[in-house]
Novice: 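The structure follows.
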Amino acid sequence: MRPLKHGYTNRTLGDGAVVKKTYKGPDAELRLDRERTLLARLRGRLPVPPVHAADAGTLTLGFMTGAPGQELLDAGHAVEVLEACGELLRRIHGVGVRDEGRVLVHGDYGPNNVLLAPVTFQVTAVVDWEFAHLGEPVEDLAWCEWIVRMHHPGHRHALDGFFRAYGGDAVPPWPVRRAAMVARCESLREFCHRWEPNGPGVSLWRERAVVTAGWQE
């Protein structure tokens with residue numbers, strides 16, 4: 001087993017056959033149980049990895065082929081990747097019954113958690129469902145936009161394709177999206193504070209919230 005790239009919160013190992021994800025930080029057991037339950041329910045409805053086992057704080061999943069969207073994005077395929085992300089997000093939000101406008105929200109949606117075939121750009125898997133919940137569609141739309149603006153600013157132009165693929169008329173205006181980005185930064189600051197009070201993660205997300213609040217469309 002070797003560490004997989006792009007893991008930030010948890011310890012994730014893989015060997016080409018399975019992936020073992022060990023949860024760390026606040027509410028680790030709750031996050032594991034949420035992801036295990038959702039993956040079992042979504043299997044066959046969305047491209048998600050199969051669950052093999054869950055024990056001792058570790059979720060064992062089937063290995064899914066594909067390249068991380070962020071790698072393909074930075075390799076020059078931002079338009080294709082973000083259009084695929086938009087189409088997939090529309091499918092995610094269409095799963096299940098809407099509850100007074102609320103939908104299934106992934107909670108950490110972006111090209112970083114989407115795997116795609118490198119040639120066809122077909123989505124092979126969407127991973128990391130530990131923060132999923134019922135919520136407003138703008139939460140995922142805004143966070144995918146935030147990932148691109150913060151970590152891949154040279155590809156902001158491709159966000160138009162992301163929104164079109166999702167359904168342009170359903171995309172909230174910029175002030176609503178920016179407010180959702182700031183709220184997510186603040187929730188991650190609180191998460192880090194619960195994990196390590198006044199630690200470096202708290203300062204990082206406080207700074208990111210300030211930066212995000214100053215963005216213009």
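Along the sequence shown, residues carry numbers from 1. Predicted model only: the values in this text are computed from it and were never measured.
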Novice: At what distance, to the nearest 0.5 angstrom, does SG of Cys192 lie from CG of Asn198?
Specialist: 11.5 Å
Novice: Does Val95 belong to the same Ile/Leu/Val/Met/Phe/Trp/Tyr cluster as Val51, with side-chain heavy atoms less than 4.5 Å apart forming each link?
Specialist: yes
Novice: Under a 3.5 Å threshold, yes or no: a donor from one side chain and an acceptor from the other, between Thr60 and Lys20?
Specialist: yes
Novice: CG/Leu104 to CG/Leu42 distance, rounded to the nearest 0.5 angstrom?
Specialist: 6.0 Å
Novice: Could you check whether any side-chain heavy atom of His106 comes within less than 4.5 Å of a side-chain heavy atom of Asp108, counting everything from C-beta outward?
Specialist: yes
Novice: Shortest non-hydrogen contact from Met64 to Pro50?
Specialist: SD-CD, 3.9 Å
Novice: Between the side chains of Asp74 and His152, does any donor sit under 3.5 Å from an acceptor?
Specialist: yes
Novice: Would you check, one step at a time, whether the test side chain to side chain contact (heavy atoms under 4.5 Å, CB included) holds for Trp129 with Leu46?
Specialist: CA-CA 12 Å; Trp129 291 84; Leu46 292 171; 4.1 Å; yes
Novice: Supply the atom-to-atom distance Met181 CE to Ile147 CD1, rounded to the nearest 0.5 angstrom.
Specialist: 10.5 Å
Novice: For the NE2 atom of His151 and the CG atom of Leu73, what is their distance to the nearest 0.5 Å?
Specialist: 12.0 Å
Novice: Working to the nearest 0.5 Å, report the span between CZ of Arg189 and CZ of Arg184.
Specialist: 13.0 Å
Novice: Please assess Leu39 against Arg43 for the test side chain to side chain contact (heavy atoms under 4.5 Å, CB included), listing each intermediate value before the final yes or no.
Specialist: CA-CA 6 Å; Leu39 289 179; Arg43 187 70 176 161; over 6 Å; no
Novice: Determine whether Leu89 and Val127 fall in the same hydrophobic cluster, where Ile, Leu, Val, Met, Phe, Trp and Tyr are linked whenever their side-chain heavy atoms lie under 4.5 Å apart.
Specialist: no
Novice: Quick one: are Phe162 and Cys144 in side-chain contact, heavy atoms under 4.5 Å?
Specialist: yes
Novice: Does any N or O in the side chain of Asp140 come within less than 3.5 Å of the main-chain N or O of Gly107, such that one atom is a donor and the other an acceptor?
Specialist: yes
Novice: Do you know the tightest heavy-atom contact between Ala170 and Leu141?
Specialist: O-CD1, 4.4 Å
Novice: Would you please test Val103 and Leu134 for side chain to side chain contact (heavy atoms under 4.5 Å, CB included) and show each step?
Specialist: CA-CA 5 Å; Val103 299; Leu134 282 178; 5.8 Å; no
Novice: Can you check whether Arg36's main-chain N or O pairs, donor with acceptor, with Asp33's side chain at less than 3.5 Å?
Specialist: no
Novice: Considering only NZ, NE, NH1 and NH2 on the basic side and carboxylate oxygens on the acidic side, decide whether Lys21 and Glu130 come within less than 4.0 Å.
Specialist: yes
Novice: So is Arg149 actually on top of Trp215's ring, under 6.0 Å and inside 45° of the axis?
Specialist: yes
Novice: Verify the ring-centre separation between Phe131 and Tyr109: is it less than 6.0 angstrom?
Specialist: no
Novice: Answer yes when Arg194 and Asp27 have at least one side-chain N-carboxylate O distance shorter than 4.0 Å, and no when they do not.
Specialist: yes
Novice: Should Leu59 and Leu38 be regarded as members of a common hydrophobic cluster, given that ILVMFWY residues are connected when their side-chain heavy atoms come within less than 4.5 Å of each other, either directly or indirectly?
Specialist: yes
Novice: Is there a side chain to side chain donor-acceptor pair (under 3.5 Å) between Tyr23 and Glu35? Walk through the geometry before answering.
Specialist: CA-CA 11 Å; Tyr23 296 72; Glu35 185 157 15; 2.7 Å; yes
Novice: Does Arg11, at its CZ atom, have more than 12 non-hydrogen atoms belonging to other residues, nucleotides or ligands within less than 6.0 Å?
Specialist: no
Novice: Regarding Thr58 and Thr22, do their side chains bring together a donor and an acceptor under 3.5 Å, going by distance alone?
Specialist: yes
Novice: Ala84 and Leu116: which non-hydrogen atoms are nearest, and at how many Å?
Specialist: CB-CD2, 3.6 Å
Novice: If the threshold is 4.0 Å, N to carboxylate O, is there a salt bridge linking Arg90 and Glu87?
Specialist: no
Novice: I want to check a possible cation-pi pair here: Arg91 against Tyr166, using under 6.0 Å from ring centre and within 45° of the ring axis as the test.
Specialist: no
Novice: Could you verify whether a donor N or O on one side chain and an acceptor N or O on the other, from His133 and Glu139, lie under 3.5 Å apart?
Specialist: yes
Novice: Of all the heavy-atom pairs spanning Gly62 and His52, show the shortest one and how long it is.
Specialist: CA-NE2, 3.5 Å
Novice: Could you please spell out the steps behind the side chain to side chain contact (heavy atoms under 4.5 Å, CB included) verdict for Asn10 and Arg31?
Specialist: CA-CA 11 Å; Asn10 305 302; Arg31 286 159 37 224; 2.9 Å; yes
Novice: Counting C-beta onward and ignoring hydrogens, is there a side-chain heavy-atom pair between Val19 and Leu13 closer than 4.5 Å?
Specialist: no
Novice: State yes or no: do Phe121 and Val123 share one hydrophobic cluster built from I, L, V, M, F, W and Y residues joined by side-chain heavy-atom distances below 4.5 Å, directly or via other members?
Specialist: yes
Novice: Testing the basics here: between Ala209 and Glu186, what is the closest heavy-atom pair and its distance to 0.1 Å?
Specialist: CB-OE2, 3.7 Å
Novice: Examine Met150 and Trp205 and state if one hydrophobic cluster contains both, with Ile, Leu, Val, Met, Phe, Trp and Tyr joined whenever side-chain heavy atoms are less than 4.5 Å apart.
Specialist: yes
Novice: How close do Pro111 and Val81 get, counting heavy atoms only, and between which atoms?
Specialist: CB-CG1, 4.1 Å
Novice: OG1/Thr124 to CG/Leu115 distance, rounded to the nearest 0.5 angstrom?
Specialist: 4.5 Å
Novice: Would you mind telling me which of Trp143, Phe163, Trp146 makes a side chain to side chain contact (heavy atoms under 4.5 Å, CB included) with Arg177?
Specialist: Phe163
Novice: Determine whether more than 12 heavy atoms belonging to other residues, nucleotides or ligands lie under 6.0 Å from atom CD of Glu190.
Specialist: yes
